[in-house]
Amino acid sequence: MSQLADQLLTWFDVHGRTNLPWQIGDKDKVDVYHIWLSEVMLQQTQVSTVIDYFNRFLHHFPTLSNLANAPEDAVLAQWAGLGYYARARNLHKTAKIITHDYQGCFPQKLEQILALPGIGRSTAGAILALGFNQKQSILDGNVKRVLSRTHQVKGHYAQSSTLKELWRLAESHTPNIRTDHYTQAIMDLGATICTRTNPSCSLCPISNICKSSAAQTQLDYPNPKPKKIKPSRSVAMLVFVKNSQVYLQKRPSQGIWGGLWSLVESEDTPVSITQSMHAFDPSATIIEQLPVFKHTFTHYHLHIRPVVISCPSSSAKFHLIDQVEVGMPKPVSKILSQISSLTHIGLNEQID
DNA sequence: GATCCGTGGCC
DNA sequence: TGGCCAAGGAT
């Protein structure tokens with residue numbers, strides 16, 4: 001066993017996290033469904049954010065079979081607000097595949113798991129290591145940070161040569177025994193000791209073999225990615241209102257907010273807004289313009305102008321604001337919560 | 001290899 | 001305030 005793994009396992013026995021929701025299973029045995037769900041939720045998402053979503057999701061879909069048989073809208077509704085919605089759609093697809101192709105039992109071979117939608121190399125390794133104690137490696141953000149510091153790996157993560165070297169190191173350190181504990185341990189170290197800013201090297205169990213610690217260059221690793229300017233876009237969101245209800249439409253599965261229900265969008269110009277609202281309902285009239293606000297994605301800023309529009313003669317299908325059982329993007333639910341508080345357009349009045 | 005894909009917390 | 005990025009994967 002590598003010295004790093006040995007010292008990490010010793011540290012884990014005292015300082016490792018053991019109370020995360022997905023670490024607790026019946027009969028002291030983890031549930032692979034829970035491990036898989038947590039790993040997908042944790043992709044590019046911090047533990048503190050995931051915990052509430054994880055518990056609520058499991059409450060709605062207690063078993064993999066429940067998930068497979070649920071409507072996609074119900075799954076997306078539980079994912080709403082968590083972001084990266086392809087994860088939810090792929091999770092649902094994979095649940096169906098496991099139900100139909102694997103008799104409901106999670107496959108235990110790397111090639112089988114890698115073939116499932118939404119599961120890449122690192123998530124596959126995590127499922128096998130944490131769920132089945134197989135000797136498989138992971139390379140998530142924590143492991144990348146720990147290993148790039150320990151071994152002073154040059155280059156940023158987007159470079160394939162850097163990833164290749166980090167994967168080589170990750171596999172070289174993965175022990176034959178207690179792979180489950182080691183996998184949890186190196187993630188715990190990255191999350192609690194070897195943090196991105198202000199790492200606690202004095203408390204680190206592997207500082208004696210860490211090249212960055214010896215050279216006092218911890219903050220130089222991982223090397224930062226060259227930064228890019230985020231472009232800005234503008235859009236008007238049309239809130240069509242009728243009898244205390246709003247109009248929502250399901251977005252295509254491809255692209256931003258795929259599969260979620262959102263407002264009608266228009267180019268943010270008076271002419272375009274007018275055209276769009278009259279195309280929806282010739283008798284539509286603007287009730288109110290709410291303040292423009294900014295929503296920032298990973299790769300661009302979006303300036304949103306909500307326009308509240310009355311369309312009493314529309315025959316489209318509307319939704320009761322407080323009874324939307326589908327997934328909505330964060331800015332849309334934000335707009336609807338503002339609408340709900342507007343007393344002067346009658347939305348807070350109950351109707352029959 | 002580069003880009004797309006969400007959101008929230010941190011400093 | 002705003003840039004940064006977190007238990008990545010798909011194309």
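A, B, ... follow the sequence lines: proteins, then strands. Residue 1 opens every chain. Note that the structure is predicted; figures quoted are calculated from it, not measured.
- Side-chain contacts under 4.5 Å among hydrophobic residues (ILVMFWY), followed directly or transitively, place A:Ile273 together with A:Leu238, A:Phe240, A:Tyr247, A:Val264, A:Met277, A:Phe280, A:Ile286, A:Val307, A:Ile309, A:Phe318.
- For residues 6-16 of chain A, proximity to DNA chain C is found at no residue, defined as any non-hydrogen atom under 4.0 angstrom from a strand atom.
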Next item on the list: Determine, for nucleotides 5-11 of chain B in 5'-to-3' order, which nucleotides have protein heavy atoms under 4.0 Å from the base (write B), from only the sugar-phosphate (write S), or from neither (write -).
Entry: BBBS---

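- By the side-chain contact (heavy atoms from CB on, under 4.5 Å) test, A:Leu219 is found to be paired with A:Arg149, A:Pro199, residues two or more places apart in sequence or in another chain being considered.
- Scanning residues 116-142 of chain A for heavy-atom distances under 4.0 Å to DNA chain C yields A:Leu116, A:Pro117, A:Gly118, A:Ile119, A:Gly120, A:Arg121, A:Ser122, A:Thr123, A:Asp140, A:Gly141, A:Asn142.
- Annotation: side-chain contact (heavy atoms from CB on, under 4.5 Å) contacts of A:Pro222 (sequence neighbours excluded): A:Arg145, A:Ser148, A:Tyr157.
- Listed by residue number, the members of residues 148-170 of chain A with any heavy atom below 4.0 angstrom from DNA chain C form an empty set.
- Within a heavy-atom distance below 4.0 Å of DNA chain C, the residues of residues 171-188 of chain A found are A:Gln184, A:Met187.
- Taking A:Ser161 as the reference, A:Gln159 meet the side-chain contact (heavy atoms from CB on, under 4.5 Å) condition, with sequence neighbours excluded.
- Every residue meeting the side-chain contact (heavy atoms from CB on, under 4.5 Å) condition with A:Ser234, not counting sequence neighbours, appears here in chain and number order: A:Asp268, A:His303.
- Listed by first then second residue, pairs satisfying salt bridge (charged side-chain N to carboxylate O under 4.0 Å, His left out) with a partner in residues 197-216 of chain A number zero, not counting sequence neighbours.
- The stretch residues 162-187 of chain A participates, sequence neighbours left out, in these salt bridge (charged side-chain N to carboxylate O under 4.0 Å, His left out) pairs: A:Asp13-A:Arg178, A:Arg121-A:Glu171, A:Glu165-A:Arg168.
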